[in-house]
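Below: one structure, written as structure tokens.
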Amino acid sequence: MIELSDALGRSEVSRSYEQERNALIKRIEGAAWDGEWYLRAFFDNGTPLGSSANIEAKIDSIPQSWAALSGAADADRAEKAMQSAWQHLVHEDEGLVLLFEPPFDTMEPSPGYIKGYPPGVRENGGQYTHAALWFAMALARRGDGERAAKILRLLNPIEHTETPRRRALRGRALRDRG
């Protein structure tokens with residue numbers, strides 16, 4: 001909206017958007033940083049969701065990805081958040097990029113409809129494609145093309161049909177090109 005206001009010659013509106021943006025960033029950095037990653041949300045009673053203190057849904061990929069994609073987060077925090085998301089949510093051996101972990105099961109307060117899915121399925125801590133793609137985009141934007149490509153390969157269904165022999169041949173071909 002800042003760019004659009006500027007393009008329309010509405011500098012006063014642009015300045016107000018810039019002020020609101022800066023105030024929002026300050027509030028997020030003050031309230032949503034959990035020490036290793038960004039929180040997902042807060043329940044109505046103020047309990048954080050996506051916190052290291054939670055029993056379920058300790059870390060969620062979406063706030064980590066958007067911290068990096070938006071360019072608004074503190075650079076060191078965004079880097080730490082992306083590293084944490086990779087460490088906790090990417091399970092290369094299983095071919096999965098989880099939305100969050102661990103999944104909801106018995107946690108109170110209830111997160112709502114998400115808990116209606118069995119633990120580890122869809123939004124309840126399973127692989128959720130749009131979130132995994134945002135994670136790959138965030139890695140790419142930060143210059144980590146290797147891990148971004150790794151996520152895309154994990155998401156690509158044809159990669160799940162690859163035999164160990166074909167994987168070795170592909171790896172050899174990539175090394176020979178390098």
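Small disclaimer: the values here were computed from a predicted structure and weren't measured. Hydrogens, waters and symmetry mates are skipped; everything else that's a heavy atom, side chains included, is used.
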If you draw a 6.0 Å radius around CZ in Arg141, do more than 12 non-hydrogen atoms from other residues or ligands fall strictly inside?
no
Could you tell me which non-hydrogen atom of Gly50 sits nearest to which non-hydrogen atom of Leu39, and how far apart they are?
O-CD2, 3.6 Å
Which pair of non-hydrogen atoms, one from Ile158 and one from Thr161, has the smallest distance, and what is that distance?
O-OG1, 2.7 Å
Whether over 12 other heavy atoms sit under 6.0 Å from Glu94 CD
yes
Report the C-alpha separation of Leu96 and Val90 in whole Å, then their side-chain angles, then the decisive distance to 0.1 Å, and conclude whether the side-chain contact (heavy atoms from CB on, under 4.5 Å) test is met.
CA-CA 6 Å; Leu96 295 171; Val90 178; over 6 Å; no
Do the side chains of Lys150 and Glu92 get close enough for a salt bridge, i.e. N-O under 4.0 angstrom?
yes
Quick one: CZ on Phe135 to CG on Leu89, what's the gap to the nearest 0.5 Å?
6.5 Å
Among residues at least two apart in sequence or on other chains, which ones pass ring-ring contact (aromatic ring centres under 6.0 Å, His included) with Tyr17?
none
Are the side chain of Glu159 and the backbone of Arg153 linked by a donor-acceptor contact shorter than 3.5 Å?
no
Between Ile55 and Met107, is the side-chain contact (heavy atoms from CB on, under 4.5 Å) condition met? List the steps.
CA-CA 7 Å; Ile55 295 169; Met107 180 179 173; 6.0 Å; no
Can you tell me how far the CD atom of Gln127 sits from the CD1 atom of Ile151, to the nearest 0.5 Å?
9.5 Å
Should Ile25 and Ile28 be marked as a side-chain contact (heavy atoms from CB on, under 4.5 Å) after you check the CA-CA gap, both sets of side-chain angles, and the distance that decides it?
CA-CA 5 Å; Ile25 291 168; Ile28 290 170; 5.8 Å; no
Which residues pass the side chain to side chain donor-acceptor pair (under 3.5 Å) test with Ser70, not counting sequence neighbours?
none
Taking all heavy atoms of Gln64 and all of Ala81, pick out the closest pair and write down the distance.
OE1-CB, 3.3 Å
Is a donor on one side and an acceptor on the other found under 3.5 Å between the side chain of Asn54 and the backbone of Pro48?
yes
Euclidean distance, Arg10 CZ relative to Met1 CE, rounded to 0.5 Å
9.0 Å
Would you mind listing every ring-ring contact (aromatic ring centres under 6.0 Å, His included) that reaches into residues 102-124, with sequence neighbours excluded?
Phe100-Phe104
So, using side chain to side chain donor-acceptor pair (under 3.5 Å) as the criterion, who are the partners of Thr106 when residues are at least two apart?
Glu56
Closest heavy-atom pair, Pro119 versus Asp105, reported as atoms and distance to 0.1 Å, is CG-OD1, 3.9 Å
Out of curiosity, Ser65 OG to Leu139 CG, how far, rounded to the nearest 0.5 Å?
7.5 Å
Kindly work out whether a path of hydrophobic side-chain contacts (I/L/V/M/F/W/Y, heavy atoms less than 4.5 Å apart) joins Ile114 to Ile62.
yes
Not counting sequence neighbours, which residues clear side-chain contact (heavy atoms from CB on, under 4.5 Å) with Glu108? List them please.
Ser110, Lys115
All side chain to side chain donor-acceptor pair (under 3.5 Å) counterparts of Ser84, not counting sequence neighbours
none
Report, as yes or no, whether the 6.0 Å neighbourhood of atom CG on Asp44 holds more than 12 heavy atoms from other residues, nucleotides or ligands.
no
Considering only residues two or more places apart or on different chains, which pairs with a residue in residues 23-51 satisfy ring-ring contact (aromatic ring centres under 6.0 Å, His included)?
Trp33-Tyr38, Trp37-His88
The complete set of salt bridge (Lys or Arg N to Asp or Glu O under 4.0 Å) pairs with one or both residues in residues 17-34, sequence neighbours excluded, reads Glu29-Arg77
Tell me, please, which residues at least two apart from Glu79 pass side-chain contact (heavy atoms from CB on, under 4.5 Å).
Gln83, Arg142
On a heavy-atom basis, which atom in Leu152 and which in Ala136 lie closest, and how many Å separate them?
CD2-CB, 4.1 Å
Please enumerate all residues that pass side-chain contact (heavy atoms from CB on, under 4.5 Å) together with Pro118, with sequence neighbours excluded.
Val121
Using side chain to side chain donor-acceptor pair (under 3.5 Å) as the criterion, list what pairs up with Asp60, not counting sequence neighbours.
Arg40
Just verifying a value: how many Å separate Met82 CE and Gln87 CD, rounded to the nearest 0.5 Å?
13.5 Å
Output, in order, the C-alpha distance, side-chain angles, deciding distance and verdict of side-chain contact (heavy atoms from CB on, under 4.5 Å) for Ile2 and Val13.
CA-CA 8 Å; Ile2 295 167; Val13 173; over 6 Å; no
Strictly by ring-ring contact (aromatic ring centres under 6.0 Å, His included), give each pair with a member in residues 50-79 just once, sequence neighbours left out.
Trp66-Trp134
Which pair of heavy atoms, one from Ser14 and one from Asp6, lies closest together, and at what distance?
OG-OD1, 2.7 Å
